[in-house]
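Inspection log for the structure reproduced underneath, given as structure tokens.
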Amino acid sequence: MRKIIHVDMDCFYAAVEMREHPEWRGVPMAVGGKPEHRGVLSTCNYEARRFGLHSAMSSAKALRLCPDLVLVPGNRELYKEESEKIFRIFQDYTLRIEPISLDEAYLDVTGVLLCKGSATWMAKEIRERIFKERHLTASAGIAENKFLAKIASDWNKPNGQFTIPPERSATFAASLDIGKLPGVGKVSEKKLQEHGIFKCSDVLRFSLWELVKICGSFGVQLFQFAKGVDNRPVVSERVRKSFSMEDTFDKDLKSEEECIQKLKEVFERFYKSVITIKEDISKNGMYKSFVKIKYSDFSVTTIERSFSELKFENFLVLFRERFSMREENVRLLGLGIRLPEKEENPQLSLDFNVPF
Ligand code: TTP
Ligand code: MG
């Protein structure tokens, strides 16, 4: 049984703009091109949506529907940076992350021990952290597969979440309009409706063979979705070469003992998030452990060495060795592992794909 979280930021570009320009809060605003340049809306805030505005609508039409609309050009670089910061929060929970766009991702948290292993609580914590650290809101869906998690994230949007427990997957799916299914666009929706298929429950009245006759090979997938089944894995995008975690302290640490205590806390968190791939790491052997120390004057030092096991004692050895060379106030401590290059260890690349 898998545990998948789908996270989707609320009116992402608009939300970033409203954070940067509080005067745009509470009034209808949109990010998009100028009407005189035949521009369209990238997105708009929820106030503007009340006027019927939505992504991809022409700016000219948007201004007709909502003459007081604040229309801003937007800044993709800024959204990209923001996205990276949000994805870094995801990485504190799992290394299996499939980015869909700047503001949306699937997280496979199967086997993650944080939040007592509850995906619902992890989603809640992730959303709280996004709000606290980035002043933005996100919605989340939690389910046993990608398709249901994605639908669930829309259920209590904005700023909400919804869990479909595995025992409810089938009944939940049965109640859905077929237009909600991934891969069912306007054309296929119409075609299915002509056969009397409006809801997923209608799909189940047909045999697999009949469905294939109606919509080709997609019929197989359709049959699965209608039953609430989706075996597509969470596939990460880029090969990641290191996994790490760090903590910046409110007050600088003044003694070695204090540092060791904190380093241990960082390790425990790191270990819980990395545990899903721990087996793969030990199987493949080769990797380096490292420790990072940032002093109160912001200078940074790191030390790394190959070890065959992922355990705190190894990080402790590295820390002690480096700290003994300069015993001063510490602002940040971090630790992590570095994997070999792809060519050295091709097996790893499949399992360690994570963005950024
Ligand atoms: P979405 O998640 O589809 O939309 P959203 O985050 O703005 O709103 P919601 O609260 O409904 O999730 O897309 C994310 C961002 O991608 C969006 O803020 C702007 C950009 N985008 C476009 O530039 N063009 C488009 O057509 C769409 C759909 C999105
Ligand atoms: Mg969104």
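Computed over heavy atoms, backbone and side chain alike; hydrogens, waters and symmetry mates excluded. Along the sequence shown, the residues carry numbers beginning at 1. Since the model is a prediction, treat every value here as computed from it, not as a measurement. Remember, it's 1-based here, ligands and their atoms both numbered in the order they're listed.
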- Taking only heavy atoms of Asp10, which atoms of ligand 1 are found under 4.0 Å from at least one of them? 10 (O)
- Could you list the atoms of ligand 1 found under 4.0 angstrom from a heavy atom of Arg49? 5 (P), 7 (O), 8 (O), 9 (P), 10 (O), 11 (O)
- Hey, what's the ring geometry for Phe147 with Phe225, parallel, tilted or perpendicular (30° and 60° as the breaks)? tilted
- Query: Taking NZ, NE, NH1 and NH2 as the nitrogens, is one of them in Glu321 or Arg305 under 4.0 Å from a carboxylate oxygen of the other?
  - Reply: yes
- Task: Examine Ala14 against ligand 1 and note whether any of their N/O atoms are separated by less than 3.5 Å.
- Result: no
Show every donor-acceptor pair shorter than 3.5 Å between a side-chain atom in residues 192-201 and any protein atom, with sequence neighbours excluded, or say none if there are none.
residue, atom, partner, partner atom, Å
His195, ND1, Lys191, O, 3.1
Lys199, NZ, Ser175, O, 3.3
Lys199, NZ, Asp177, OD1, 2.9
Ser201, OG, Ala174, O, 3.4

- Message: I need the atoms of ligand 1 closer than 4.0 Å to a non-hydrogen atom of Asp8, numbered in the order shown.
- Response: 2 (O), 12 (O)
- With distance as the sole criterion, is a donor-acceptor pair present between the side chains of Arg127 and Thr137 under 3.5 Å? no
- Min heavy-atom dist Tyr46 to ligand 1 below 4.0 Å: yes
- Taking heavy atoms and a distance under 4.0 Å, where does Met9 meet ligand 1: side chain, backbone, both or neither? backbone
- Message: For a distance under 2.8 Å, give residue and atom name for each protein N, O or S atom next to the Mg ion (ligand 2).
- Response: Asp8 OD1, Met9 O, Asp103 OD2
- Query: Using 4.0 Å as the upper bound for N to carboxylate O, is an ion pair formed by Glu98 and Lys146?
  - Reply: yes
- Query: Parallel, tilted or perpendicular: which fits the ring planes of Phe315 and Phe270, with parallel below 30° and perpendicular above 60°?
  - Reply: perpendicular
- Checking Arg168 against Phe172: charged group under 6.0 Å from the ring centre and within 45 degrees of the axis? no
- Task: May I ask you to say whether Glu313 pairs ionically with Lys311, meaning some side-chain N is under 4.0 Å from a carboxylate O?
- Result: no
- Query: Is at least one protein non-hydrogen atom found at under 4.0 angstrom from atom 3 (O) of ligand 1?
  - Reply: no
- Query: With only distance considered, is Ser55 within less than 3.5 Å of ligand 1 through an N or O on each side?
  - Reply: no
